[in-house]
Amino acid sequence: MSTSPDPAPRSHRASRGRAAARRSGPVGAGQDVGEDTGEMEPVTDETTGDAPAAPDGPSEHEAPGTEVPGTEAPGTDGPRDDESVDTREAEEPQPPEAPEPPTTGAARLRRALWHPGRGQVVVGVLLALVAFGGVVQVRSTDSDDDYAGYREEDLVNVLSGLAGASRRARSEINRLETARDQLESDTDAEQAALDQALSQADTLAILAGSVPVTGPGIRITITEQSGTVRSETLVNMVQALRVAGAEAMQFNGQVRLVAQSAFTDTSTGVSIDGTTLRSPYVVDVIGSPSALSGAMSILEGPRVDLQDDGASVDITEVSSLDIESTTDVAGPDYADPADDQ
């Protein structure tokens with residue numbers, strides 16, 4: 001006759017088996033480890049004696065979605081290659097990055113000066129405006145402080161003094177302007193008189209023959225051929241040329257004709273102002289070339305008179321003649337200017 005085993009000792013063995021399983025490692029759900037042989041035995045309920053059914057999900061001591069160490073997931077032959085590679089790459093030590101070189105204050109200042117930002121430009125403009133306003137305010141304050149402590153009477157006295165100084169300055173300006181206008185008028189009148197005097201002096205010097213002259217005119221060449229030219233014929237020729245507007249004349253480049261010139265006949269020629277000249281007679285005359293040529297060639301004029309004396313006459317118009325001969329101006333011995341001149 002068989003007897004049922006005592007449940008108490010089995011429960012005790014199951015408890016010890018579960019403790020041994022926890023010491024050796026995790027096992028499958030619903031299994032127990034034998035105490036001596038290491039065989040797995042089913043765990044029974046202490047009250048009913050029946051073996052509990054294997055749970056569908058993970059046990060109460062395991063987290064869902066985790067794997068028991070030392071076991072492999074069903075359907076896989078081992079750990080995946082990508083997980084092992086990632087684990088090795090994560091475990092490889094990375095080389096330390098090189099530290100950036102420290103930036104000095106001078107370098108930062110230089111970089112800020114050469115490449116200012118928008119904020120720096122705005123700050124600089126604001127500082128410049130503030131400085132300008134401060135300078136203007138200081139100057140205006142300094143100028144206003146001159147009369148800040150004056151009383152009303154003092155200010156009235158200052159204003160009166162300024163008004164008097166202004167009147168005196170205006171009076172002095174008017175006086176100086178009047179003197180300037182008078183000096184300008186006197187200077188202009190004096191300059192005009194001086195210019196007129198110089199012009200008259202030049203004219204008188206030319207007429208007196210005291211200065212060399214130059215200008216357009218004619219050259220007359222008189223050559224004796226069949227007779228002798230008389231001094232009277234030469235004097236008539238000179239008068240006709242003066243009437244035609246001759247301003248200066250000379251004979252043979254030696255004698256300058258003036259108002260006091262005198263002609264005298266000699267056995268060898270003609271004497272003019274004490275100088276004896278011989279044929280051919282070359283007369284240089286400055287004036288209008290056409291008028292002088294016409295005066296010489298008129299009917300019964302100087303050319304005809306010279307030809308009657310047996311001389312040939314050649315007249316050449318010249319654009320520029322130089323009369324270099326001069327004469328000494330002798331002062332009058334008897335004539336004096338009138339008192340009203």
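Side-chain atoms are counted along with the backbone in the values below, which use heavy atoms only and exclude waters and symmetry mates.
The side-chain heavy atoms of R230 and D305, taken from C-beta on, include no pair separated by under 4.5 Å. The shortest distance between side-chain heavy atoms of T203 and Q200 does not fall below 4.5 Å. Contact check for V229 versus L306: side-chain heavy atoms found under the 4.5 Å cut-off. When side chains are defined from C-beta on, L321 counts as touching R219, because their heavy atoms get closer than 4.5 Å. Using a 4.5 Å heavy-atom threshold, the side chains of L183 and D181 count as separate. I222 is not listed as a side-chain neighbour of P280, based on a closest heavy-atom distance of 4.5 Å or more. Residues M237 and R303 have side chains not in contact (no heavy-atom distance under 4.5 Å, counting atoms from C-beta outward). Residues N236 and V238 are not in side-chain contact: their nearest non-hydrogen atoms beyond the backbone lie 4.5 Å or more apart.
The two atoms that bring P289 and I218 nearest to each other are O-CG2, 3.7 Å, heavy atoms only. When all heavy atoms of A295 and A240 are compared, the pair lying nearest together is CB-O, 4.0 Å. For A262 against D273, the heavy-atom pair with the smallest separation is N-OD1, 2.8 Å. Taking each heavy atom of E224 and S279 in turn, the nearest pair found is N-OG, 3.0 Å. Of all non-hydrogen atoms in S325 and Q254, the two that sit nearest each other are CB-O, 3.9 Å. When all heavy atoms of E317 and S290 are compared, the closest pair comes out as OE2-CA, 4.0 Å.
Residue E172 qualifies as enclosed at atom CD: its count of foreign heavy atoms under 6.0 Å is above 12. Annotation: R180, atom CZ; neighbour count of heavy atoms from other residues, nucleotides and ligands within 6.0 Å is above 12. The number of heavy-atom neighbours closer than 6.0 Å to CD of E300, taken from other residues, nucleotides and ligands shown, is 12 or below. The environment of CZ in R242 is crowded: more than 12 heavy-atom neighbours from other residues, nucleotides or ligands sit within 6.0 Å. For CG of D195, the number of neighbouring non-hydrogen atoms (other residues, nucleotides, ligands) closer than 6.0 Å is greater than 12. Heavy atoms of other residues, nucleotides or ligands lying less than 6.0 angstrom from CD of Q182 number 12 at most.
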Worked check of side-chain contact (heavy atoms from CB on, under 4.5 Å) between L241 and L292: CA-CA 6 Å; L241 291 173; L292 297 176; 4.2 Å; yes
Apply side-chain contact (heavy atoms from CB on, under 4.5 Å) to residues V258 and L207 and explain how you reach the verdict. CA-CA 7 Å; V258 292; L207 296 176; over 6 Å; no
In sequence, state the C-alpha distance, the side-chain angles, and the governing distance for L257 and F251, and then conclude on side-chain contact (heavy atoms from CB on, under 4.5 Å). CA-CA 8 Å; L257 295 183; F251 272 77; 3.3 Å; yes
For a side-chain contact (heavy atoms from CB on, under 4.5 Å) check, start with the C-alpha distance between T268 and T276, then their side-chain angles and the critical distance, and finish with the verdict. CA-CA 8 Å; T268 57; T276 302; 3.7 Å; yes
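Rounded to the nearest 0.5 angstrom, S199 OG and L204 CG are separated by 9.5 Å. We find the OG-CG distance between S226 and D308 to be 10.0 Å, quoted to the nearest 0.5 Å. Atom OH of Y281 is separated from atom CG of L234 by 6.5 Å, given to the nearest 0.5 angstrom. To the nearest 0.5 Å, atom CD1 of residue I323 and atom CD1 of residue I286 are 3.5 Å apart. Taken to the nearest 0.5 Å, the CD atom of Q250 stands 12.0 Å off from the OG atom of S261. Once rounded to the nearest 0.5 Å, the distance linking CD of Q307 with OG1 of T233 reads 12.0 Å.
When atom types are taken as modelled, the side chain of R256 and the backbone of V211 share a donor-acceptor pair closer than 3.5 angstrom. A donor-acceptor contact shorter than 3.5 Å is absent between the side chain of S166 and the backbone of L162.
When the side chains of ILVMFWY residues are joined at heavy-atom separations under 4.5 Å, either directly or via intervening members, L277 and F263 end up in a single hydrophobic cluster. V255 and V235 fall within the same hydrophobic cluster, where Ile, Leu, Val, Met, Phe, Trp and Tyr residues are linked whenever their side-chain heavy atoms come under 4.5 Å apart, directly or through other members.
Here the rule is side chain to side chain contact (heavy atoms under 4.5 Å, CB included) with I220, and of V283, V282, D314 only V283 fits it.
Considering only residues two or more places apart in sequence or on other chains, R278 meets the salt bridge (Lys or Arg N to Asp or Glu O under 4.0 Å) condition with none of them.
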